Amino acid sequence: MSEDKTKAVKALQGVKGMNDMLPTDAPLWDMFESAARSMLRAYGYQQIRTPIVEHTQLFVRGIGEVTDIVEKEMYSFTDSLNGENLTLRPEGTAAAVRSTIEHNLLYDGPKRLWYIGPMFRHERPQRGRYRQFHQLGAEALGFAGPDVDAEIILMCQRLWDDLGLTNVRLELNSLGQAHERAAHREQLIKYLEGFQDILDEDSKRRLYTNPLRVLDTKNPALQEMAANAPKLIDFLGEESLAHFEGVQRILLANNIPFKINPRLVRGLDYYNLTVFEWITDKLGAQGTIAGGGRYDPLIQQMGGKPAPACGWAMGIERIIELIREENLVPDTQGCDVYMVHQGELANQQAMIAAERLRDAGLDVVLHATPDGKSGSFKSQMKRADASGASFAVIIGDDEIAAGTVQVKQLRGGNVAEGGQQTTVPAEQVVEFIIDAMVDEIEGDDEQ
Ligand code: HAM
């Protein structure tokens, strides 16, 4: 194929690392979202929606100049109409904080906020790592105590329980305060300088800019060096330790197991004190399904009145994949009623009946075809069955003449014995189907 042709074909495919969510995936996303919404409601969180595009400076200042995200992963561009430097959001915290400051949301006290939506990072696509991915995030703004750190962790545990996820573990660390990190950093740089000859390119680059991140290396050759490095936790003062212990005490009291990982540093610069990650071994290398922590300095750093804060975000694609791995996929529910019809008048009546059924709250699919012809009753009934509907409502010339419809139960009840087809006066179809559904539920309850 010529280069031009290859380009043209590529342009008609999705962008690498950015995925379609197909109808077969939708029930899983729905399941996740509805579990998440009810969990968030249970903890008093309110939703916030911010734009997908923000000023590039927001992320540079919020996330930190020497982070992977800001150095090499942001989709940034210049608005050709006014020359502004803009970026597709790589995460949600900076924008939630920006919006909170801009709209003075903390004027009447602390706020618990949540958000959901696409994020963009130009990473090397692989299993569990995408260039467009989706996060659910929660941010507790204006709370200082370790109780809220623990609460945001309990929220995650509740969501895993609600979804039925069991293969997840919690890792915890404290990053202390800036002055404690500075003292540690000095010692750490000295220590790392002793390993100049074995440090890889990434680590050399980070040695003086972000040495904590060197400890986060995945390079097997550097593991021993990282394991023996000076630990930040040994540089924490009394207050930071008390905070960390406070979080741990509440987790233990609530039976949440965790492991303290002194090398857990997170990839964004805004954190202090508590940081945590939820990890699974079921997804290969990209096993972190959620991460977060405290970021007390950020609100002030971004121009707001000083206010403490903490939060987390989870990667929805990774959680969906874990749900699949653990075989927790819900049965896809079909519609309640499929309308089968033949002839123009029957088509009209089917549409009227379908609207009345929908008025009563039922989900109804009308038979329709690519050529606009309805086809035989037999082929329509096949479609009705495949739709997963509980009932088919059938209308043909005979039914039009008699002012009736046929109702056939396709699932549950007596279907095992061949299903029952009943002639019902057209105006009573809604009542008939609802009664049949109630009987079905009551029958189930008696069993
Ligand atoms: P993060 O660790 O960068 O934190 O991202 C949170 C989660 O998003 C990760 O644990 C992972 O599940 C998912 N994730 C990140 N990058 C990708 C990707 N390329 N493909 C698929 N999933 C991905 C934050 O974003 C912070 N804003 C979290 C936070 C909120 N901290 C305080 N409040």
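Just follow the structure's listing: the first ligand is 1, and inside any ligand the first atom is 1. Given the structure is predicted, the values throughout are model-derived calculations rather than measurements. Sequence positions, counted from 1, serve as the residue numbers for this chain.
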TODO: Give me the ring orientation class for H122 and Y75: parallel if the planes are under 30° apart, tilted from 30 to 60°, perpendicular past 60°.
DONE: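 Plane angle between 30° and 60°, so tilted.
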Open item on the list: Working note: L222 + S203, criterion side chain to side chain contact (heavy atoms under 4.5 Å, CB included); need CA distance, chi angles, decisive distance, verdict.
Closed with: CA-CA 9 Å; L222 300 180; S203 302; 3.5 Å; yes
Open item on the list: If the test is side chain to side chain contact (heavy atoms under 4.5 Å, CB included), which one of I316, L88, I52 qualifies with P118?
Closed with: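 Exactly one candidate clears the test, I52.
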Open item on the list: My understanding is that only residues two or more places apart in sequence, or in another chain, count here; which of them pass salt bridge (charged side-chain N to carboxylate O under 4.0 Å, His left out) with E193?
Closed with: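 Listed in chain order: nothing, the list is empty.
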- [ ] Using the side chain to side chain contact (heavy atoms under 4.5 Å, CB included) rule, take I152 and Y45 through it: C-alpha gap first, then chi angles, then the decisive distance, then the call.
- [x] CA-CA 11 Å; I152 62 170; Y45 276 69; 3.4 Å; yes
Open item on the list: Is it the case that the ring center of W312 lies less than 6.0 angstrom away from the ring center of W278?
Closed with: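 No - the distance between ring centres of W278 and W312 does not fall below the 6.0 Å cut-off.
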- [ ] Show the protein residues that qualify under the rule heavy atom under 4.0 Å from an atom of ligand 1, listing them in chain and number order.
- [x]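 Its neighbours under 4.0 Å (heavy atoms only) are E91, T93, R121, E123, G128, R129, Y130, F133, Q135, E139, R266, L268, Y270, Y271, T288, I289, A290, G291, G292, Y295, G311, W312, A313, G315, R318, given by chain and number.
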